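The structure appears right after this line, and notes come after that.
Note on naming: letters A, B, ... go to the chains in the order of the sequence lines (proteins, then strands), and numbering restarts at 1 for each one. Because the structure is a prediction, the values reported are computed rather than measured.
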Number of protein chains: 2
Amino acid sequence: MENNELNAEEMRLWHMWKGSFQLIFGRVIKDMSEHTGLSEGDYGVLDRLDLHGGGQLRQQELADSMDWTKSRLSHHLTRMEQRGLVARKPLDADRGVQVLITPEGKSALDEARPVVAKAIRKHFLAYLTEQDVESITKLAGRTKAGSL
Amino acid sequence: MENNELNAEEMRLWHMWKGSFQLIFGRVIKDMSEHTGLSEGDYGVLDRLDLHGGGQLRQQELADSMDWTKSRLSHHLTRMEQRGLVARKPLDADRGVQVLITPEGKSALDEARPVVAKAIRKHFLAYLTEQDVESITKLAGRTKAGSL
DNA sequence: ATTCTATGGTTGATATGTCAACCATGCGCT
DNA sequence: AGCGCATGGTTGACATATCAACCATAGAAT
């Protein structure tokens, strides 16, 4: 059994990994929010409504697809609704709620897409080597698999 | 010049990278906070006070070492002070503030260290191959360098 | 019929982050 | 003296996240 504290190398790895992510991710989000007024959450919601749902999705499906709790989504949608980005419509079929992207939401998304694409290319993809791509892909497979 | 939207492969990479990080990081933080009652921020503050400062550090140095704004740190310290984890002492030398780890803070940190070490080994280090280690190290170097 | 449980969602309290405005002091310059 | 400016920090407002409690209804199970 190893020591119950991390050695210098282990700690260094953890900090580098965490640091790189936060640095890159922060840059992407900053670019997006400055240029579009959308937060990461806003973009995620709009993106999924557009791609998966063709503009609409029931709340629970949306929450699942984003890996968010229903509470978190509920609060967030309330704020987005206030800003006119989405609308909620009760489904009497089974007391669910349908979330719809509004025209304003759709146009905000359309404006954001190229901004996000450019930011991801500039701050993330541009730094990757072939080896990194392989590493990222494999690691994702390993962690998801052993997930639940 | 490429298209101004991401292609499937680019998007997949971004999502995998982001997803792996959030999954792993979330697991580590969850383990820690459940077993110790400290948040990530709490741990970071205590850790730096202990390692860099031998128990104390001026507020601005602490903020720099954590990559936090002074505002963020000020708010966080107020909460930690309330809980008795740290104390603040004015430095009349140059109107700065010295942040001290309290005995309760120190013992909370000592309890947390092995928990954090175990969580990082279990959720992060255990998944890494030699290639990942190299990839993480190099990527960190590249992004920091091109940072400012 | 009654009670249990699962599903779908809301709500309020509290913790955490960000932003801009503010305050005080020291320091250099004119 | 008077000004501009940098440094070190606080504050309040607001956005975001988490947690637990709650509400309503549908479908079993008793």
Side-chain angles (χ1 to χ4, degrees), chain A residues 22-23 25-34 36-46 53 56-100 108, chain B residues 22-23 25-34 36-46 53 56-100 108:
Chain A
Q22 290 176 342
L23 191 62
F25 192 73
R27 287 173 183 162
V28 170
I29 296 309
K30 186 157 173 269
D31 271 14
M32 174 174 77
S33 65
E34 276 176 1
T36 72
L38 295 179
S39 70
E40 200 221 332
D42 298 336
Y43 183 80
V45 166
L46 296 177
Q56 49 184 308
L57 225 41
R58 13 187 339 157
Q59 208 165 305
Q60 188 58 55
E61 286 175 335
L62 182 53
D64 289 342
S65 80
M66 306 196 46
D67 253 301
W68 277 16
T69 62
K70 51 192 185 161
S71 168
R72 180 176 180 182
L73 182 59
S74 182
H75 283 304
H76 203 95
L77 287 181
T78 299
R79 292 187 303 259
M80 291 183 72
E81 213 174 2
Q82 230 98 75
R83 293 193 287 146
L85 296 170
V86 297
R88 282 196 260 215
K89 190 172 59 131
L91 286 176
D92 30 37
D94 62 339
R95 86 225 133 277
V97 171
Q98 192 79 354
V99 184
L100 316 172
Chain B
Q22 291 176 343
L23 191 63
F25 192 73
R27 287 172 183 163
V28 170
I29 297 308
K30 186 157 174 267
D31 271 14
M32 174 175 77
S33 66
E34 276 176 2
T36 72
L38 295 179
S39 70
E40 199 222 332
D42 299 336
Y43 183 80
V45 166
L46 297 177
Q56 49 183 310
L57 227 40
R58 14 186 341 156
Q59 207 165 304
Q60 188 57 56
E61 287 174 335
L62 182 53
D64 290 342
S65 81
M66 307 199 42
D67 254 301
W68 278 15
T69 62
K70 51 192 186 162
S71 167
R72 180 175 180 183
L73 181 59
S74 181
H75 283 303
H76 203 94
L77 287 181
T78 299
R79 292 186 303 257
M80 291 183 74
E81 215 176 0
Q82 230 99 74
R83 292 193 287 148
L85 296 171
V86 297
R88 282 197 260 215
K89 190 174 58 135
L91 286 176
D92 30 38
D94 62 337
R95 86 223 134 278
V97 171
Q98 193 78 354
V99 185
L100 317 171

Should [X] be listed as having a side-chain N or O under 4.0 Å from OP1 or OP2 of [N]?
X	N	result
A/Ser39	D/dT16	yes
A/Arg88	C/dG9	no
B/Thr69	C/dT18	no
A/Gln59	C/dT7	no

>> With the threshold set at under 4.0 Å for non-hydrogen atoms, list the residues of residues 76-84 of chain A touching DNA chain C in residue-number order.
In response: none
> Starting at the 5' end of DNA chain C and moving along, which residue's nearest nucleotide shows up first, A/Asp94 or A/Ser33?
Replying inline: A/Asp94
Verify, without hydrogens or angle tests, whether [X] (side chain) and [Y] (backbone) share a donor-acceptor contact under 3.5 angstrom.
X	Y	result
A/Ser74	A/Lys70	no
B/Asp42	B/Ser39	yes
A/Thr36	A/Met32	yes

Separation of atom [atom1] in [X] from atom [atom2] in [N], rounded to whole Å:
X	N	atom1	atom2	value
B/Lys70	C/dT18	NZ	C1'	14 Å
A/Asp42	C/dT18	CG	P	16 Å
A/Trp68	D/dC19	CH2	P	15 Å

Where the side chain of [X] is defined as all heavy atoms beyond and including C-beta, which of [options] is the nearest nucleotide?
X	options	result
B/Ser71	C/dT7, C/dG26, C/dA20	C/dA20
B/Arg72	C/dT10, C/dG17, D/dT10	C/dG17
A/Ser74	D/dT25, C/dT10, D/dG12	C/dT10

> Which residue, B/Arg58 or B/His75, contacts DNA chain D at a nucleotide closer to its 5' end, judged by nearest heavy atom?
Replying inline: B/Arg58
> Quick one: does B/Met80's side chain get under 4.5 Å of B/Val99's, heavy atoms only?
Replying inline: no
